[in-house]
Amino acid sequence: MKMTKIYEGSHQWIMFGRDEGKPGNIIDTNQYVVRTANRCLLLDPGGAELFAPMMAAVLHHAPVDQITDLFASHQDPDVISSLGLWDQALTNAKLHAPAFWEGFLRHYSCESIEYVGIPDNGGTIKLESVELQLIPAHYLHSSANFHVYDPQAKILMTGDVGAAIEGPDTPVFVENFSAHVEKMRHWHQRIMPSNQAKRVWIERVRNLDVDILAPQHGRMFKGDDVKRFLDWFDALQVGIAV
Amino acid sequence: MTNQTKSQFIAVASITSELSAVMVVAKEISLAAANAKAIAFRAGDKAKGFQPITDFINELAKETIELVTNINIYALVLYRLTVNEFQKTVAYNKFELASKMAGDAVYAKSMQEPVEHAKLSMQDCQRQFKRDVSQLLGQLEAVMHHARAARVIAANSRIEASQAGEYLQSLQAVAESVDKAAHTIHDNVQRCRIALSIYRNS
């Protein structure tokens, strides 16, 4: 599992992905960790197949008993089907996930972990002195969907928005935006169902100060590429399969 | 999923299936008892010896239905336990793998406690499964006992039927149906016992 530190300040952001041992027939995912002095938050911790390499990778940054929070942007298996395993490994943890999906996510088993349902209008996650904002991103693509914004690190974790499906050796950041566009087009047109939802989200995100846009698949966007991505996404017609 | 786990799931699932067939047959016996009672009533003195037998048959059928209902509830508990054991085993294996993969990670040792805890939980489930299987086998033995008793009753019914004059054929048919049902129950329960016996607590 490749680990890349993407922010270092009063706390850290680490991106995990490009797992070499991953079975070839499951989609590659990016996991993110926010690490404060005594606590650790896993964002979209991944599928059950990924649990062991992910846990092993996290142990380079935090002990098990300091993994206190999990976040699931939505209910997909590549996002959170490892929940049943985290549930058995962690003794004092919370899962922050859409309230709408609680009855669904509990199918993965969530007995010792406390399910903290995020209401439709969003909320926050307080991690010691760090306050992360939960930005509504409904219908992008899931009908109850949230992104995580860190105003201090200026990182926006965007789940499936900005994703591209690429090979295991793909760089972690977009290097040539124009060349990258074609890798994202079909994904966004096919998986995102609503132009209206897309416009509302873009308007919301344009009001945030974002240095890094961090999707759950593929490469992250930084600097001017964040604005380029928003402009490109704004112009894209989605929901094409009807 | 290992072959051991698969066969455990199949064994537990097959109990429910075999027992639902037993339930149908037990209800048939109950019906046969009601039928026999009506015939014996019509036959009057000619079937005097048959009348108390019908009560026996009915009682036996009721007890079998009750036993099977309880066993079915127990089988469901056993199924849940199997699922639980499977989840604990998966967790233990994944935790061990994570621990191994962590290698010289700064916090690798913090994984020891979850690994140990998962191992104990898995072993607890395995022990509980064996204990529950032993108890279930005991309950299945009670159903077998009822099936054997039904066969004895069927034999007695044949003897009594032979003295019932024009009601001989009807009463013999009742005896036959009880005997056949007892056979079916015996065979089905025996298959349950064979499927489970390999998991019995030694």
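Below, all heavy atoms of this structure are taken into account, side chains as well, without hydrogens, waters or symmetry copies. What you see is a predicted model; the values in this text were computed from it and never measured.
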Winner by heavy-atom pair count (cut-off under 4.5 Å) against chain B, out of A:Ala62, A:Pro63, A:Gly84: A:Pro63
Side-chain donor/acceptor of [X] to backbone N/O of [Y], under 3.5 Å:
{"X": "A:Glu128", "Y": "A:Asn38", "value": "yes"}
{"X": "B:Lys37", "Y": "B:Phe41", "value": "no"}
{"X": "A:Arg35", "Y": "A:Arg39", "value": "yes"}
{"X": "A:Ser81", "Y": "A:Asp78", "value": "no"}

Among [range], which ones touch chain B with a heavy-atom distance under 4.5 Å?
{"range": "residues 136-163 of chain A", "answer": "none"}
{"range": "residues 42-52 of chain A", "answer": "A:Ala48, A:Glu49, A:Phe51, A:Ala52"}
{"range": "residues 87-117 of chain A", "answer": "A:Gln88, A:Ala89"}
{"range": "residues 53-61 of chain A", "answer": "A:Pro53, A:Met55, A:Ala56, A:Leu59, A:His60, A:His61"}

A:Phe173 and A:Phe221 aromatic centres sub-6.0 Å: no
State whether [X] and [Y] are salt-bridged, where the test is any N-O pair (Lys NZ or Arg NE/NH1/NH2 against Asp/Glu carboxylate O) under 4.0 Å.
{"X": "A:Asp28", "Y": "A:Lys22", "answer": "no"}
{"X": "B:Lys119", "Y": "B:Glu116", "answer": "no"}
{"X": "B:Glu141", "Y": "B:Arg193", "answer": "yes"}
{"X": "B:Lys46", "Y": "B:Glu166", "answer": "yes"}

Toward chain A, the part of B:Ala118 with a non-hydrogen atom under 4.5 Å: neither
Chain A contact via B:Lys88 - which portion, at a heavy-atom distance below 4.5 Å: both
What closest approach, in Å, do [X] and [Y] show between heavy atoms, and which atom pair accounts for it?
{"X": "B:Arg158", "Y": "B:Asp179", "answer": "NH2-OD2, 3.1 Å"}
{"X": "B:Cys192", "Y": "B:Glu18", "answer": "SG-CB, 3.4 Å"}
{"X": "B:Ala75", "Y": "B:Val12", "answer": "O-CG1, 3.7 Å"}
{"X": "B:Leu19", "Y": "B:Val68", "answer": "O-CG1, 3.6 Å"}
{"X": "B:Ser157", "Y": "B:Ile57", "answer": "OG-CD1, 4.3 Å"}

Modelled atom types, side-chain donor and acceptor of [X] and [Y], under 3.5 Å:
{"X": "B:Tyr199", "Y": "B:Gln8", "result": "no"}
{"X": "B:Arg151", "Y": "B:His186", "result": "no"}
{"X": "A:Gln31", "Y": "A:Thr29", "result": "yes"}

Pairs of heavy atoms under 4.5 Å with chain A: top-ranked of B:His117, B:Met111, B:Lys109: B:Met111
Single hit among A:Gln216, A:Arg219, A:Arg18 for side chain to side chain donor-acceptor pair (under 3.5 Å) with A:Asn30: A:Arg18
